[in-house]
Amino acid sequence: MKQIKAIIRPEKLSDVRSALEELDCYKGITMTEVLGQGNQKGIVRSWRGEKYEIDLIPKVCIELVVRDEDVNRIKDTIIKNAQTGEVGDGKIFVINIDEVIRIRTGEEGLSAL
Amino acid sequence: MKQIKAIIRPEKLSDVRSALEELDCYKGITMTEVLGQGNQKGIVRSWRGEKYEIDLIPKVCIELVVRDEDVNRIKDTIIKNAQTGEVGDGKIFVINIDEVIRIRTGEEGLSAL
Amino acid sequence: MKQIKAIIRPEKLSDVRSALEELDCYKGITMTEVLGQGNQKGIVRSWRGEKYEIDLIPKVCIELVVRDEDVNRIKDTIIKNAQTGEVGDGKIFVINIDEVIRIRTGEEGLSAL
Amino acid sequence: METKVILDTLWVVFAALLVFLMNMGFAALESGMCRSKSTVNIMSKNFIVFAVSTLGFFMLGWGLMYGDGNAFIGTKGLFFVSGADNSPNIGDTYEGVYSAISWAGVPLWVKFFFQLVFCGTAATIVSGAVAERVKYISFIVFSFFLTLLVYPITGHWIWGGGWLSQLGFMDFAGGTAVHSLGGWAALSGIMIIGPRIGKYTKSGKINAIPGHSVALATIGALILWFGWFGFNPGSTMAADPEAIGHILVVTNMAGIMGILFATATAWIKLGKPDISMSINGLLAGLVAITPGCAFVSVPSSLIIGALGGVLVVFASLFYDKMKLDDPVGATAVHLANGVFGTLAVGLFAQKGINGNEVNGLFFGGGLHQFGIQAIGIISVGVFAFILTSFLWLAIKYTIGLRVSIKEELNGLDIGEHGNEAYPEFIARKINYTHLLEDINLVEEERSKQQVKVCY
Amino acid sequence: METKVILDTLWVVFAALLVFLMNMGFAALESGMCRSKSTVNIMSKNFIVFAVSTLGFFMLGWGLMYGDGNAFIGTKGLFFVSGADNSPNIGDTYEGVYSAISWAGVPLWVKFFFQLVFCGTAATIVSGAVAERVKYISFIVFSFFLTLLVYPITGHWIWGGGWLSQLGFMDFAGGTAVHSLGGWAALSGIMIIGPRIGKYTKSGKINAIPGHSVALATIGALILWFGWFGFNPGSTMAADPEAIGHILVVTNMAGIMGILFATATAWIKLGKPDISMSINGLLAGLVAITPGCAFVSVPSSLIIGALGGVLVVFASLFYDKMKLDDPVGATAVHLANGVFGTLAVGLFAQKGINGNEVNGLFFGGGLHQFGIQAIGIISVGVFAFILTSFLWLAIKYTIGLRVSIKEELNGLDIGEHGNEAYPEFIARKINYTHLLEDINLVEEERSKQQVKVCY
Amino acid sequence: METKVILDTLWVVFAALLVFLMNMGFAALESGMCRSKSTVNIMSKNFIVFAVSTLGFFMLGWGLMYGDGNAFIGTKGLFFVSGADNSPNIGDTYEGVYSAISWAGVPLWVKFFFQLVFCGTAATIVSGAVAERVKYISFIVFSFFLTLLVYPITGHWIWGGGWLSQLGFMDFAGGTAVHSLGGWAALSGIMIIGPRIGKYTKSGKINAIPGHSVALATIGALILWFGWFGFNPGSTMAADPEAIGHILVVTNMAGIMGILFATATAWIKLGKPDISMSINGLLAGLVAITPGCAFVSVPSSLIIGALGGVLVVFASLFYDKMKLDDPVGATAVHLANGVFGTLAVGLFAQKGINGNEVNGLFFGGGLHQFGIQAIGIISVGVFAFILTSFLWLAIKYTIGLRVSIKEELNGLDIGEHGNEAYPEFIARKINYTHLLEDINLVEEERSKQQVKVCY
Ligand SMILES: Nc1ncnc2c1ncn2[C@@H]1O[C@H](COP(=O)(O)OP(=O)(O)O)[C@@H](O)[C@H]1O
Ligand SMILES: Nc1ncnc2c1ncn2[C@@H]1O[C@H](COP(=O)(O)OP(=O)(O)O)[C@@H](O)[C@H]1O
Ligand SMILES: Nc1ncnc2c1ncn2[C@@H]1O[C@H](COP(=O)(O)OP(=O)(O)O)[C@@H](O)[C@H]1O
């Protein structure tokens, strides 16, 4: 099994999620609010006359653990729906998962997804 | 070494943590507030007469990096204490860790845990 | 490619980030607010006459995905700038990454970093 | 007499300051009912709006409204409240150009300040309706002309000796002069500016956009309730114990019935006692009683408040169905209930209450007064709607009315003000919008560039 | 005379509105001191409680309290404040059925409104104590009967010409009539409803449940302080300069000594100057001075306030030890200090202050007045505690008193109201409860089903 | 006469309570403008400061300020406001030791309370300037001596019959007596305590430290605006309709021009209409008009307010350039504009306005009055700056002035109070400081230990 971890724009989450939900290999998702920095520039703010730059930009990190054979479909769906073509669209990382357990039942492996 | 990453119910964190703390192989924990979606249904809210559903449910993600031989004990302790039997109890993922370093001392490997 | 995941003190983030930005192998970073517990003691607070301890301490988790050959330089830079020598400086974990994709372009592999 | 002037002045100043505090109430209510990414903008709007209103009303508004003149506008002592005036003299001893308000036995500046806070209220009403998308400078310009021109003219008709007051139109504390006027300006605004991105989808779905802080909103509502005890009883502009006591109780009764009935209506119709509806219910009841508070009995006020509470729930749903996006329900509260309350005077007014000489329909007065009320409502409505539409459009085609899509998505706080309201707290975007589904993007197809940079 | 009526009316209206604003103070204080998942619920309770109180007090409460009748209840002019009354006539010229309050020379509706805001305060006190677990509808029903029945009856004894007032019981601004009465209703409530889940464990541990916003709580406390300057000085119900000045200063002195001594006590006993204790100290001092503010000297007020400040800290710890979970300390503030302050009148009262004719124990008056005060406290306490216990139990066994465990864990905001107070901010649950350790689950063993669905 | 006493008392009490409410305004403003990790501390300071001020002003302050005595201090009736006094008698009929304020025809305790709230304001000003680093107990001690000693002495000079008032120094509502005095105390404080960690780096960079809640800050500002309508018009201490009306309008005009010009200045100079500057602009305008509000015309007030609004922006930038870290801009608002406004009296005063007999420079009065104003400003400034510097230093070398670096980094809320303001919300540290770059660490090199434990 693989964990697909994608850093995307918050505005795109809805589009990505509804596209994912239409895939039959979609089982679940876990999401975290993160801050990211890459090629995208930050925004300058000010307070009492002094400017400051927040170069960490709010992003959403979504994680899905899926069967090896589903990685590509999930990946493609994310890319298609999260892409705007502007700098800052984010990244997808794929990581190997050794084990999965469903806490409710104690099931392990693929059936726990 | 392995990273044990578990998505659990927030209400269960105390029970899980105090059980973990009694294990001698417990070294430390890192926790993140996440939102998750799986089989569990969301809750409908409303605002000014319109309903909306938040189908992402607040969960807590705990991560523990442990020696390979301790994975099972940790896993079992989490399952035992996080389980309610209701849909939405969460998942445990196990991921392989290549290296661990303790920043304070620069120690690497098992002694860094 | 490797993911370098470091749990550090929030106060140290600026120092670490500006040091990282000077490395030519630095491409981007994703950061999350986390709570951690290890050897460091928590702080006691009180409310209406009753004390309570928050033994989960606010930390920042930074994640960088880098080429295998850059792991050591990044690691060393983090250690050097995040270290105070006091308990609670945090940990660095290195995890193997199977794939990386840049959502904006669909590029895969090293060029996607 | 001297003592009476002092007493009246104390009362009017006290009441005026309560109304002034409504600025804080509106600021809290409106920002609490919108998203955190617009908090600085809403606070800024509500903060500067009284400054702008003061300027507008001082420069010309007061003169147009209360200056002696014709049935349509004041023409004397127009600028800077500088006409001849020997207040606090009243009646025959009054010499000056502001005779329409010469019945109030307080110094000129006290009159001015009291009228100013009412004018400011009308401007504030608009602020909430166009929130989260209007440009800061455009709102400032609009408010300036609203308080300089629009409010004073209809105000002249009603309170400044103009044709409606000659006709016998009854609007004690400003259900039409203040609330529905502000409501019309809000309505034309939301029609011209369009809904917030994410509110309505092409497929017809209405998305709820919950406010970011119920605490802030509720505090604001409680302050408004408090302020209304200056708004209505203060409109006596005289320390008349019986009238004050009566209006105080009548106002409160309508407010609480508004709460109870709006809460119950929401509970029954929507399944839960949604606090946003309870709050709107309070305000609905208070607005509804405003025009008639001095003319109706306590039992009537219970009925008026209750009807206001029911009305506001249905009005809110109606506006949403019409795809008129009003984040705080300003139109459902101030327009719908300002109109209803003004009509209610024609129904519930009773001879003898505080010296009132007119009976409404339900008390044997027939349809006469009801007709006059309707004429007032319609004429003010048509005039205000057209004039403010023109204003909004003029702004739209000169300095522009709405921020860019990108700025709206990121929040006006950063785009317009360079500030964040809560920079330390981690917020999530509740209302993840299906961008390409949004009705706003239809009209944007013409300007593809804009869509391009919208992310 | 006319001028005096106006002056008194202005003063009473001003004071009443300050007390009205305490609604906002309590709303902010109570929600700030509870968790974010209950904010909508607490705000809703504090918002609707004045509506319900108005209804209760209007329908019957006023009549029971101030209607002429016997030593126990009013029997004339019972319903809808509709008895004969020629206020603002006073003394011999008064003709009507509300003679107990005919000493106040203001119009009837002004009297009513002033008394109403006091009645509302008593109801609000209860709100905080049972917060975070009581069902919304149940609280509404309780408040209705509290203000319709309980508060007016004991109020009749004390202020309505009933047996306690005949006995010479002294309670100037409502230490017993308002505060300890509200406190008893709160106490019976928290005894019957039980503690919040997570507060006490079977092994005897007491868990702190910190409030979600100290900012909100402190703002609330400052507003309450402000409101108290209407509560106490306003109880003159007459614009008497000397009395107003005296009571103003005495009230403030007690409040500040309450702050200073509670802060110091917390600092010494608990190690840090915990702001929750400073806030409770202020309120303790203010409550403690309430019954005697017109009868004691400035130096005495310093002592009373200081004692109140110390008392509230120990009372808070005591209630917690007794496993009586009172999230905002309502009982420690209003009950303990309402009782203490009422007794203090018997100790510190001084002849000559504002026309007072009684000396307390410390000023040579012996134990006489102290005894009367004790009788009043006990009789009101016993009566109120029994009647409100009965009310709570009646509600418990009909519509139910407490939300389900599941709802309590998720927060009442979603369960009861379908709203979230801060939907955009990411919150963590501070008080991760060891669910199976919780004392609430003992009694649930009978109903296993409920435990099942609790997660 | 009796009626006049009542009227004046009502007015003074009303005004005093508005000023009292400024405590809440400052609490909200200051905590909103600082970081969330200091919220409990700031709220605590602003909460206890009125308690401490009451004690200080009651014990000795009042006596020093208003007791009969010499040109420098009062010497009679010094302690506990216990001197002979037959207020509300005035003029020749007055017998007592507080003759400097015997012109006000209200009871002694009313005078005391009114003066107390002004004294409290001066102390509150300091609170914001030294926020986020001062030890709680040290601030308490400082405030005690400020209100016991410093404020009363300069107050005696200006309002207590001392040498400045004999000289003809004009300060109607306390531009110098209250605002610039508080400003000087703040200035000496921030010079001695040093900037917050992270504010200035060794390389000369100035880091913005944004406030944690613009909502809280704006609400606070609106409450302060409201309170100022007690501060200025109330300083008549008499229910004089013309004066009240005039001062009300003049105060508001200066405030709104402050908003408009500060906003515009920020917009032009900094690129965006930063709300923190709009807020400071309001306060700047209000402070600037405070000393002259009874002596200048409405048009003059527009100019004074506008200048205040521009001044505050440049003053803020100037203080930052001087590495004087003032988190809320207290010095830019109260000191700079207190000085400017006091000078402005010498420029804009006009004979005839409210019985004023002096013309300022612009109205043909020459430099005479301007000179007197300058003398007053300088003498009060020098005296206050030296005395408060001495106080701060005395505290620094006894109980210590500043919390440890570690505590400052973690926030004073936990270190000083053991509380968290928002324990449930996940906050991030906006201003990640390059610790080793911070100018504070230079002076710490001596005490390496402290650096060691600082993380
Ligand atoms: N090497 C990296 N390691 C971890 N996160 C990264 C890395 N590079 C980019 N990111 C994340 O991806 C987000 C988008 O990257 P960015 O470089 O701004 O845009 P793009 O990928 O379109 O060039 C960043 O905000 C950051 O969260
Ligand atoms: N495939 C998955 N990938 C990532 N996270 C998942 C996945 N499936 C479930 N989760 C996480 O686990 C949580 C619980 O899962 P859910 O399916 O609701 O309950 P259960 O495991 O009891 O059937 C989800 O809220 C989500 O955070
Ligand atoms: N075994 C572990 N698994 C996951 N996170 C850990 C582990 N050990 C430590 N951490 C994280 O590292 C942080 C610092 O660890 P701690 O033991 O307190 O300090 P030190 O590493 O200096 O001894 C913890 O707060 C926690 O977030």
Side-chain angles (χ1 to χ4, degrees), chain D residues 3-4 7 10-11 14 18 35-37 210-215 217-219 221-223 225-226 229-230 233 239-250 252-253 255-260 263 267 270-276 278-279 282 298-299 302 422 425-431, chain E residues 2-3 5-10 12-14 16-17 20-21 23-24 27-28 31-32 36 39-44 46-48 50-55 58 80-81 87-88 106-113 116 136-137 213 216 219-220 413 415-426:
Chain D
T3 299
K4 177 152 171 45
L7 286 165
L10 287 187
W11 173 245
F14 172 58
L18 291 196
R35 287 168 292 183
S36 61
K37 65 180 180 179
H212 86 285
S213 172
V214 166
T218 314
I219 283 181
L222 287 165
I223 293 283
W225 195 349
F226 179 67
F229 292 130
D240 173 347
E242 289 292 343
I244 291 173
H246 178 85
I247 299 174
L248 204 58
V249 168
V250 153
N252 188 55
M253 287 299 175
I256 67 136
M257 293 303 273
I259 295 177
L260 294 173
T263 306
W267 213 327
L270 308 168
K272 299 254 182 182
D274 180 344
I275 192 169
S276 61
S278 305
I279 288 174
L282 165 73
V298 173
L302 291 163
Y422 310 101
F425 296 108
I426 302 182
R428 78 174 76 117
K429 300 218 166 107
I430 261 298
N431 200 267
Chain E
E2 176 61 13
T3 299
V5 171
I6 302 178
L7 287 165
D8 289 353
T9 300
L10 286 186
V12 174
V13 168
F14 172 58
L17 291 180
F20 174 82
L21 196 61
N23 281 303
M24 187 208 126
S31 57
S36 62
T39 303
V40 171
N41 180 256
I42 295 173
M43 285 293 180
S44 296
N46 278 285
F47 191 66
I48 210 164
F50 193 70
V52 173
S53 303
T54 301
L55 218 58
F58 174 63
F80 304 110
V81 198
S87 299
V106 295
L108 179 62
W109 285 126
V110 174
K111 291 179 190 173
F112 170 73
F113 190 76
L116 168 62
Y136 186 46
I137 185 68
S213 172
L216 208 49
I219 282 180
D413 290 5
E416 292 279 279
H417 303 272
N419 297 144
E420 272 186 286
Y422 309 101
E424 295 177 32
F425 296 109
I426 302 182

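Throughout, protein chains are lettered first and strands after them, A, B, ... in sequence-line order, and every chain is numbered starting at 1. Atoms considered below: every heavy atom in the structure, side chains included; atoms not considered: hydrogens, waters and symmetry mates.
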(request) Could you check if a side-chain atom of E:L216 sits within less than 4.5 angstrom of a side-chain atom of E:S31, using non-hydrogen atoms only? (result) yes

(request) Look at E:V110, E:L7, E:T39, E:I426 and state which one has the largest set of heavy-atom pairs under 4.5 Å with chain D. (result) E:I426

(request) Evaluate the side-chain proximity of E:H417 to E:S44: yes if any heavy-atom separation is below 4.5 Å, no if none is. (result) yes

(message) Taking every non-hydrogen pair under 4.5 Å, which of D:G271, D:G255, D:G245, D:G258 racks up the most with chain E?
(response) D:G245

(request) Give, as side chain, backbone, both or neither, the part of E:V40 having an atom under 4.5 angstrom from any heavy atom of chain D. (result) both

(request) Walk me through it: do E:F50 and E:L116 pass the test side-chain contact (heavy atoms from CB on, under 4.5 Å)? (result) CA-CA 9 Å; E:F50 193 70; E:L116 168 62; 3.8 Å; yes

(request) Say whether, by atom type as modelled, one donor and one acceptor occur between the side chain of D:K4 and the main chain of E:T3 under 3.5 angstrom. (result) no

(message) Using heavy-atom distances under 4.5 Å, tell me whether D:V250 contacts chain E through its side chain, its backbone, both, or neither.
(response) neither

(message) Any non-hydrogen side-chain atom of D:W11 less than 4.5 Å from a side-chain atom of D:P233?
(response) yes

(message) Quick check for you: among E:L55, E:D413, E:L21, E:N23, which has the greatest number of heavy-atom pairs under 4.5 Å with chain D?
(response) E:L21

(message) Measuring centre to centre across the rings, with the benzene-like ring taken for any Trp, is E:Y422 within less than 6.0 Å of D:Y422?
(response) no

(message) Counting only non-hydrogen atoms closer than 4.5 Å, does D:N252 touch chain E with its backbone (N, CA, C, O), its side chain (CB onward), both, or neither?
(response) side chain

(request) Name the region of D:W267, side chain, backbone, both or neither, that has any atom closer than 4.5 Å to a heavy atom of chain E. (result) side chain

(request) Count the heavy-atom pairs under 4.5 Å between each of E:F113, E:F14, E:F47 and chain D, then report the option with the highest count. (result) E:F47

(request) Side chain from CB out, backbone as N, CA, C, O: work out which of these in E:S36 comes under 4.5 Å of a heavy atom of chain D, or both, or neither. (result) neither

(request) Counting only heavy atoms closer than 4.5 Å, note whether E:I219 contacts chain D via side chain, backbone, both or neither. (result) neither

(request) Quick one: pull up NZ in E:K111 and OG1 in E:T9 and give me the separation to the nearest 0.5 Å. (result) 10.0 Å

(message) What I'd like to find out is whether the side chain of E:F80 reaches to under 4.5 Å of the side chain of D:V298, using heavy atoms alone.
(response) no

(request) Would you indicate whether the side-chain heavy atoms of D:L248 and E:W109 approach each other to under 4.5 Å? (result) no

(message) Rounded to the nearest 0.5 Å, what separates atom CG in D:L222 from atom CG in D:L282?
(response) 8.0 Å

(message) Heavy-atom pairs under 4.5 Å with chain E - which of D:L10, D:L302, D:L260, D:L270 has more of them than the others?
(response) D:L260

(message) For the interface with chain E, which of D:M257, D:H212, D:E242, D:K37 has the highest count of heavy-atom pairs at distances below 4.5 Å?
(response) D:H212

(request) Below 4.5 Å from any heavy atom of chain D, which atoms of E:A27 appear? Answer side chain, backbone, both or neither. (result) side chain

(request) Would you mind checking which part of D:L18 comes under 4.5 Å of any heavy atom in chain E, side chain (CB onward), backbone (N, CA, C, O), both or neither? (result) side chain

(message) Shorter than 4.5 Å, heavy atoms on both sides: which option in D:P299, D:P273, D:G230, D:S276 has the most such pairs with chain E?
(response) D:P273

